[in-house]
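Working notes for the structure below.
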There are 2 protein chains.
Amino acid sequence: MAVTIKDVARLAGVSASSVCRTLAAPDKVRPDTRERVQRAVAELGYYPNRAARGLITGRTGNLGLIVPDIANPFFPDIIKAVEARARELDYAVFLADTDEDPAAEVALIRAMSKQVDGFLLVSARCSDDELRSVYRDLPVVVVQRRVRHVPAVTFDDHDGILQAVGHLATLGHRRVAYVAGPRTSWSNKERQRILRLTTSAVGVELVDTGHAAPTLDGGTAVADLVLATGATAVMTFNDLMALGLLRRFRALGVEVPGDISVVGFDDIPLAELVDPPLTTIALAKQKAGRAGIDMLIGLLNNPETAAPRTVLPTQLTVRASTGPARRG
Amino acid sequence: MAVTIKDVARLAGVSASSVCRTLAAPDKVRPDTRERVQRAVAELGYYPNRAARGLITGRTGNLGLIVPDIANPFFPDIIKAVEARARELDYAVFLADTDEDPAAEVALIRAMSKQVDGFLLVSARCSDDELRSVYRDLPVVVVQRRVRHVPAVTFDDHDGILQAVGHLATLGHRRVAYVAGPRTSWSNKERQRILRLTTSAVGVELVDTGHAAPTLDGGTAVADLVLATGATAVMTFNDLMALGLLRRFRALGVEVPGDISVVGFDDIPLAELVDPPLTTIALAKQKAGRAGIDMLIGLLNNPETAAPRTVLPTQLTVRASTGPARRG
DNA sequence: GAACGTGCTGGAATCGTTTCCAGCGTGTGT
DNA sequence: ACACACGCTGGAAACGATTCCAGCACGTTC
């Protein structure tokens, strides 16, 4: 039913080896052979069976892309860029979603590892040791995470947070709340750490409202807690949580930014659509996806390279959810 | 390096065939053999190589999922459901994005077809003939599209549109604009057709504002045209376009729903977050993804089945973007 | 003109798994 | 006790592509 290399060989009147060579290294066969083979390939619409190739070369031509939650609008931009770049380089992408569960993540990686040449793990939730252990077996690039000895694409959170804290300080805010994301999120810990540094440096008090799910509902759930802290501004782990806050604030009749300023993180497409449009720290998501794939494929072709690092810029995007601090 | 069936066989002191049988049909081996094999499998962490298996069984264990645009928030919910259900049934999913390009779609399908057992095509943009031709080679299920002889999961657009048109008519609207989506979209044509039927049935005039990209910017671009029609309400091909309209209306100082009511389509997660929250026709997206996979795998296991059909319910979700018609 | 080197080619082995088939041993029925 | 049947097992072939190796037919050089 499917056309194999033998069909091509028969039609071209050559051996399978010659067909293979024509496709892999056209300059290693005589021009007339090459032409006959190419004609036969075109006529039959031959396309090599990747499973068979993979069996002998040990390469599948597939990459695994693992994200915590496809439905979180932070990820589709990255997924899209990854998919596009991988396809350009003739790799196919297996997508998987861990539902924010570190155990599911590890299980998924193990299950998929035989079918892929490497992994791109975006916002991986599992432990450093688990990541390193995966990396021992297979090329891995993490995005939005840093782990010793593992190649990584990260965002310059420090710069973005510095801009945001500076922005709030300039507007007169002296007491800022931070709504933390998942405990298992490396970038949450990182942002929290950077926030502590930068706020204390400019004399802003940072109050912590504890962890919440990185979703709309997570944000909505902590809104009352945020108000209770008396903070005049609130920063969130991600935009979804910020939007959840806005929703609850509106229901309570709390004015944004009149009563409280809100700063998100990620600049998801929705951020500019809500009312008020959200001030947020924008990340170069498409670039991250592309850079991640380039790094991963670089590693595939050059396994001995030391774990590379790429840091992508962040940019505070000021919209209407931030304004001058309410008078204490 | 990787552990193969032979390693297991050696450790268990049996042949490869017995290992294979133990895994595929445990009741066909003697209990003591089974136990020894299972112990060896567990000890070595053996996991069969799918490429090798695929070579002989002709099945890859992979499914292809093709969508026009991952970044369109309509799709992630479906993708997530597809991915989850496929994994439950031990299939892996290749995701691809066609950038709304019918030619790219066909090319992608051809390129992927050797690596998958079947396709789930969501909102396919290519022609009926092309779809049927793909279906001749490989099991295919289309979601949000109907093509003769091809298995399909669709939404009951007629019911949703009927509800929406009734809702608008009740509010006194007599002139409703429709902002069409891509020409290549089957569901756009379908919705347009149903709209013509239902509006004329209740004595509402339908004005057409031509096609636009199914994106925020597409909606924004036609906003002025919509206003120029003098319609008191506007329905759009999808929610993104409706949100684009809202954005432009706000910029122009046009009140929603005071000056014009807006009804979207799809009920993407953003719909309830914007201001005003969007009245829209909700689709059972997760169900569609799950049903699509179930149908596809049913087809895989039972190739001779006649092309099945599933129709999922739609539901008008009334929010704040619709209100009484402005007096002519 | 003979010896050698070069450039292509086809055959064979290989990857890891499944599946078919033959054979072996055990148990049952007469 | 013998024949038969049945259950289970191991060996071998197969899937489709790649790669190594040997060999063949040139062309070149002495």
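Order of the sequence lines sets the chain letters (A, B, ...), proteins ahead of strands, with each chain counted from 1. As the structure is a prediction and not an experimental result, all values here were calculated from the model.
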Under-4.0 Å salt bridge between K287(B) and D77(B)
no
Measuring only between side-chain heavy atoms, which start at C-beta, is I293(A) closer than 4.5 Å to L63(A)? yes
Whole-Å distance, R59(B) CZ to dC15(D) C1', equals 16 Å
Between E83(B) and R87(B), does at least one N-O distance fall below 4.0 Å, as a salt bridge requires?
yes
Exercise. Examine the side chains of S133(A) and E130(A) and answer whether a donor and an acceptor come within less than 3.5 Å of each other.
Key: no
Under a 4.0 Å heavy-atom cutoff, the residues of residues 38-49 of chain A touching DNA chain C are none
In V150(A), T154(A), V153(A), the residue satisfying side chain to side chain contact (heavy atoms under 4.5 Å, CB included) with V142(A) is V150(A)
Separation of dG16(D) atom C1' from I5(A) atom CD1, nearest Å, is 8 Å
Item checked: D69(A) and K80(B) ion-paired at < 4.0 Å -> yes
message = Tell me whether D101(B) is salt-bridged to R125(B), with the criterion being a basic N under 4.0 Å from an acidic carboxylate O.
response = no
DNA chain D nearest-nucleotide lookup for A24(A) and I56(B): closer to the 5′ end is I56(B)
Is there any protein nitrogen or oxygen under 3.5 Å from a nitrogen or oxygen in nucleotides 4-6 of chain C, and what are the pairs?
none

Next item on the list: Check the side chains of E190(B) and S187(B) for a donor-acceptor pair under 3.5 angstrom, ignoring hydrogens and angles.
Entry: no
Just do the side chain to side chain contact (heavy atoms under 4.5 Å, CB included) check on F119(A) and L296(A) with the steps written out, would you?
-> CA-CA 8 Å; F119(A) 281 105; L296(A) 183 53; 5.8 Å; no
note: D7(B), atom CG; dG16(C), atom C1'; distance rounded to Å ~ 11 Å
Is any NZ, NE, NH1 or NH2 atom of the basic residue among R148(A) and D128(A) found under 4.0 Å from an Asp or Glu carboxylate oxygen of the other?
no
Quiz question: by atom type and distance under 3.5 Å, do the side chains of Q115(A) and T60(A) form a donor-acceptor pair?
no
When rounded to whole Å, the CZ to P distance for the pair R53(B) and dT19(C) reads 9 Å
Measure all distances between protein nitrogen or oxygen atoms and nitrogen or oxygen atoms of nucleotides 6-11 of chain D, and list the pairs falling under 3.5 Å.
unit_1	atom_1	unit_2	atom_2	d
dT9(D)	OP1	T33(B)	OG1	2.1
dT9(D)	OP2	R30(B)	N	3.4
dG10(D)	OP2	S15(B)	N	3.0
dG10(D)	OP2	S15(B)	OG	3.0
dG10(D)	OP2	S18(B)	OG	2.7
dG10(D)	N7	R21(B)	NH2	3.1
dG10(D)	O6	R21(B)	NH1	3.3
dG11(D)	N7	S17(B)	OG	3.2
dG11(D)	O6	S17(B)	OG	2.9

Rounded to whole Å, the NZ-P distance (K6(B) to dA12(D)) equals 12 Å
Whole-Å distance, L55(B) CG to dT18(C) C1', equals 10 Å
Considering only heavy side-chain atoms of T4(B), the closest of dG16(D), dT17(C), dT19(C) is dT17(C)
